Trainee: 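Structure below; questions to follow.
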Amino acid sequence: MKFFIDTANLAQIKEAQELGVLDGVTTNPSLMAKEGITGHDNILKHYVDICNIVEGDVSAEVIATDFEGMVREGEALAELHEQIVVKLPMIKDGIKACKYFSNKGIRTNVTLVFSPGQALLAAKAGATYVSPFIGRLDDISTDGLNLIAEIRHIYDNYAFETQILAASVRHTMHVIDCAKLGADVMTGPLSSIEGLLKHPLTDSGLAKFLEDYQKGN
Ligand code: E4P
């Protein structure tokens with residue numbers, strides 16, 4: 001399972017990279033705005049800065065909602081750095097653009113996916129990644145994890161190569177449950193990854209080991 005961090009905060013990306021288990025980064029326009037990254041040139045520079053910190057894929061989202069605009073923006077994003085994956089919204093023109101990029105060998109991430117049918121379309125269009133938003137489904141009393149299970153089932157039926165990128169992960173149990181269900185990737189906050197470290201028996205066990213060592217040394 002790949003671990004992506006879902007932020008545009010360079011300090012957090014560095015911290016996650018230093019942990020040694022980071023496989024990539026996802027961003028979106030809201031995450032960029034949260035870091036105060038505005039203006040065309042600043043946004044492009046920020047993507048390159050992220051690519052220079054991590055070794056894996058970095059999803060950069062287009063703003064255009066029409067096919068021609070998405071192609072123009074996506075091609076410029078893909079040219080920025082070899083690690084860039086073009087993130088496209090799950091709308092009609094987004095699917096057309098996904099197919100276009102797939103034919104050109106440019107990697108894509110189809111985002112804002114909330115149903116198995118949308119995920120099926122993304123795979124048919126040759127998406128590299130599909131991003132079902134599990135946290136946002138949970139927010140409206142719908143089981144986000146069930147969507148991961150449904151997509152896994154459909155993709156396995158036909159050996160689709162599109163990777164299931166569980167997005168809108170909010171906490172550590174989401175990470176564990178997505179791993180059980182066979183999501184290929186998860187993207188979440190650093191806290192959702194660091195939560196995997198925690199167990200009180202590890203802490204008390206280590207304290208006892210160190211205490212016993214100190215007695216004889
Ligand atoms: C990542 O690709 C998504 O944009 C992100 O996970 C959305 O997360 P949110 O629902 O916490 O905003």
Side-chain angles (χ1 to χ4, degrees), residues 1-10 12-13 16-17 22-38 43 46-47 50-51 53-54 56-65 70 73-74 77-78 81 83-91 94-95 97-98 101 106-115 118-119 121-123 125 127-148 151 162-179 181 183-196:
M1 187 190 205
K2 290 188 210 168
F3 283 2
F4 288 179
I5 187 169
D6 196 25
T7 183
N9 182 289
L10 297 183
Q12 279 187 26
I13 294 169
Q17 175 66 24
L22 191 67
D23 300 295
V25 176
T26 50
T27 63
N28 63 37
S30 303
L31 292 171
M32 296 290 274
K34 191 175 164 194
E35 299 307 317
I37 315 298
T38 55
I43 289 172
H46 201 75
Y47 288 138
I50 293 173
C51 289
I53 297 171
V54 295
D57 289 348
V58 175
S59 286
E61 190 161 339
V62 300
I63 303 301
T65 54
M70 285 188 211
E73 262 187 66
L77 288 169
H81 199 285
Q83 286 166 243
I84 293 283
V85 174
V86 179
K87 203 171 179 191
L88 301 161
M90 177 66 231
I91 56 177
I95 288 300
C98 181
F101 287 125
I106 291 176
R107 290 169 306 135
T108 53
N109 175 358
V110 174
T111 190
L112 290 166
V113 166
F114 295 95
S115 78
Q118 290 178 326
L121 261 183
T128 311
Y129 298 103
V130 66
S131 289
F133 278 32
I134 62 174
R136 292 193 194 186
L137 282 170
D138 289 354
D139 287 345
I140 57 158
S141 309
T142 304
D143 186 357
L145 289 167
N146 185 51
L147 177 59
I148 300 294
I151 299 172
T162 300
Q163 295 177 56
I164 302 172
L165 196 175
S168 189
V169 159
R170 301 276 168 78
H171 48 69
T172 302
M173 275 314 294
H174 269 159
V175 180
I176 294 166
D177 287 332
C178 284
L181 292 168
D184 300 289
V185 192
M186 79 84 200
T187 190
L190 181 57
S191 60
S192 68
I193 298 173
E194 289 187 332
L196 296 167

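All figures in this text were calculated on a predicted structure; none of them were measured in a lab. Order of listing sets the numbers, starting from 1, for every ligand and every atom in it.
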Trainee: When you compare the side chains of Glu61 and Asn28, does any donor N or O come within less than 3.5 Å of an acceptor on the partner?
Mentor: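 No, no side-chain donor-acceptor contact under 3.5 Å.
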
Trainee: How far does OG1 of Thr172 sit from CG of Asp177, to the nearest 0.5 angstrom?
Mentor: 11.0 Å

Trainee: If you look at every heavy atom in Ile164 and Pro132, which pair is closest and at what distance?
Mentor: CG2-CG, 4.1 Å

Trainee: Write out each pair where an N or O from ligand 1 and one from the protein are under 3.5 Å apart, with the distance.
Mentor:
unit_1	atom_1	unit_2	atom_2	d
ligand 1	2 (O)	Lys87	NZ	2.6
ligand 1	4 (O)	Asn28	ND2	2.7
ligand 1	4 (O)	Lys87	NZ	3.3
ligand 1	6 (O)	Asp6	OD2	2.6
ligand 1	6 (O)	Ser168	N	2.7
ligand 1	10 (O)	Arg136	NE	2.7
ligand 1	10 (O)	Ser168	OG	2.7
ligand 1	10 (O)	Arg170	NH2	3.0
ligand 1	11 (O)	Arg170	NE	3.2
ligand 1	12 (O)	Arg136	NH2	2.8

Trainee: Can Asp57 and Arg107 be counted as an ion pair, charged N to O under 4.0 angstrom?
Mentor: yes

Trainee: For the atom pair CD1 (Ile193) and CG (Leu22), what is the distance rounded to the nearest 0.5 Å?
Mentor: 6.0 Å

Trainee: Looking at Asn109, Thr128, Thr26, which hits side-chain hydrogen bond (donor to acceptor under 3.5 Å, both in side chains) with Ser59?
Mentor: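 The passing option is Asn109.
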
